[in-house]
Amino acid sequence: LLLESWNAKRLGPQVWPLEALRHGDGFAATFAVDLAPHDLWLCVPAQFNVEEISLDGRRIGPCASPFGDSLLWSDERWHWFALGCVDGGNNSLFLTTNLKDEKLRVLLVGDFSLRTGDEWLWDDESETQITAPQPLILAGESWHQAGLPFYAGAVEYSTRLTIPVEWKNCRYFLEIAQTQDVVDCVANGQSCGVRFAPPVRFDLSEHLRAGEENEILLRVWNSAQAIEVALTDETQSLQPSGILSPVRLAAYPRVKWSKA
């Protein structure tokens, strides 16, 4: 049985890199907003001493990490600035730092989606806009080609299905043919284990009920490589993330052995 219909949601913040270019004694960058998200933060690598930041001429002060429980987004690694609810249209950032280079890459971080033209997806060949969060559509492809181009963290997949009554005396195994990430499986609220490398196969025999509706939940974690790529623009080195193939639920008849 192929499980092709999954609801998906990211469990961490969306990320969008900005390239700020040298402008006078600082760096200038712009970003476009379609539908403004509720909250938006600017994230600058901690090795740079940020002296001042302004958004559309309004000075922005530093803040603590809004994701303080995450090592990836800790204050030790980043300088944080709360941009709040930004205006629709083009927004201008100006940063003053100790960096002497001609350009600086910084990150927009928050709960938002990316829009290119009429699509709620990202296209590296067209102008991309920040927009309010939209449903996440994942269909056997990498997150990075499905609206999460630089996402690092976990995505939760969930589905509900009814097991055929004819499978009552079977053992059930959930099999994922292609993924490079860590996968955690929960069936009807019960943990079925974690897999750190292929083959990804979970025994759900004690947790699924034949003839009834069941819920299967998968949490998938990728590495922090996507953040590194966002800061370097080396997109050709970006590794695919997520579940990259259909998920299969296999049923095998239970065999009872008896002594001759």
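All heavy atoms count here, side chains included; hydrogens, waters and symmetry mates do not.
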Applying the 4.5 Å side-chain criterion to the ILVMFWY set and letting contacts propagate, would [X] and [Y] be lumped into a single cluster?
| X | Y | value |
| --- | --- | --- |
| Leu72 | Val182 | no |
| Leu18 | Val44 | yes |
| Val183 | Val247 | yes |
| Leu11 | Phe150 | no |
| Phe48 | Leu93 | yes |

Looking only at atom types and distance, does a side-chain atom of [X] sit under 3.5 Å from a main-chain N or O of [Y], one as donor and one as acceptor?
| X | Y | result |
| --- | --- | --- |
| Tyr151 | Ile227 | no |
| Asp75 | Ala64 | no |
| Asp233 | Val229 | no |
| His79 | Ala46 | yes |
| Glu19 | Pro17 | no |
| Arg22 | Asp101 | yes |

How far apart are the closest heavy atoms of [X] and [Y], and which atoms are they?
| X | Y | value |
| --- | --- | --- |
| Ser5 | Thr159 | O-OG1, 2.9 Å |
| Thr131 | Arg115 | CG2-CB, 4.2 Å |
| Ser92 | Thr30 | OG-CG2, 3.8 Å |
| Ala230 | Leu107 | CB-CD2, 3.9 Å |
| Gln180 | Gln239 | OE1-OE1, 3.8 Å |
| Phe27 | Glu102 | CE2-C, 3.9 Å |

Requested in this report: Would you verify whether the NZ or CZ of Arg171 falls within 45 degrees of the ring axis of Tyr252 while also being under 6.0 Å from that six-membered ring's centre?
Outcome: no
Query raised in the report: Tyr157 ring centre to Arg219 NZ or CZ under 6.0 Å, with the angle to the axis within 45°?
Result: no
For the residue pair [X] and [Y], establish whether any side-chain heavy-atom pair is separated by less than 4.5 Å.
| X | Y | value |
| --- | --- | --- |
| Leu218 | Ile176 | yes |
| Ile216 | Trp6 | yes |
| Lys9 | Leu136 | no |
| Leu114 | Pro149 | yes |
| Leu204 | Cys185 | yes |
| Thr96 | Val50 | no |
| Leu40 | Phe31 | yes |
| Leu2 | Leu249 | no |

Look up atom [atom1] in [X] and atom [atom2] in [Y], then write down how far apart they are to the nearest 0.5 Å.
| X | Y | atom1 | atom2 | value |
| --- | --- | --- | --- | --- |
| Ser113 | Arg10 | OG | CZ | 6.0 Å |
| Leu95 | Leu42 | CG | CG | 6.0 Å |
| Gln190 | His207 | CD | NE2 | 6.0 Å |
| Leu161 | Glu212 | CG | CD | 12.0 Å |
| Thr235 | His144 | OG1 | NE2 | 11.0 Å |
| Cys192 | Leu208 | SG | CG | 7.0 Å |

Query raised in the report: Judged by modelled atom types alone, do Asn214 and Asn188 share a side-chain donor-acceptor pair under 3.5 Å?
Result: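 Short answer, yes.
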Query - From CA spacing to verdict: side chain to side chain contact (heavy atoms under 4.5 Å, CB included), Asp34, Ile130 - result: CA-CA 6 Å; Asp34 176 37; Ile130 303 294; over 6 Å; no
Query - Stepwise side chain to side chain contact (heavy atoms under 4.5 Å, CB included) test for Trp16 and Val109 - result: CA-CA 7 Å; Trp16 183 244; Val109 180; over 6 Å; no
Requested in this report: Kindly indicate, with the supporting measurements, whether the criterion side chain to side chain contact (heavy atoms under 4.5 Å, CB included) is fulfilled by Trp143 and Leu138.
Outcome: CA-CA 7 Å; Trp143 303 343; Leu138 299 175; 3.9 Å; yes
Query raised in the report: Between Trp167 and Tyr172, is a side chain to side chain contact (heavy atoms under 4.5 Å, CB included) present by the stated rule, with each step listed?
Result: CA-CA 9 Å; Trp167 290 12; Tyr172 313 119; 3.9 Å; yes
**Report entry** CG (Leu21) with more than 12 external heavy atoms under 6.0 Å
**Finding:** yes
Query raised in the report: Hey, what's the ring geometry for Trp73 with Phe67, parallel, tilted or perpendicular (30° and 60° as the breaks)?
Result: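 If you compare the ring of Trp73 with that of Phe67, the planes turn out tilted.
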Query raised in the report: Could you walk me through whether Arg195 and Asp184 pass the salt bridge (Lys or Arg N to Asp or Glu O under 4.0 Å) check?
Result: CA-CA 7 Å; Arg195 301 292 181 268; Asp184 171 30; over 6 Å; no
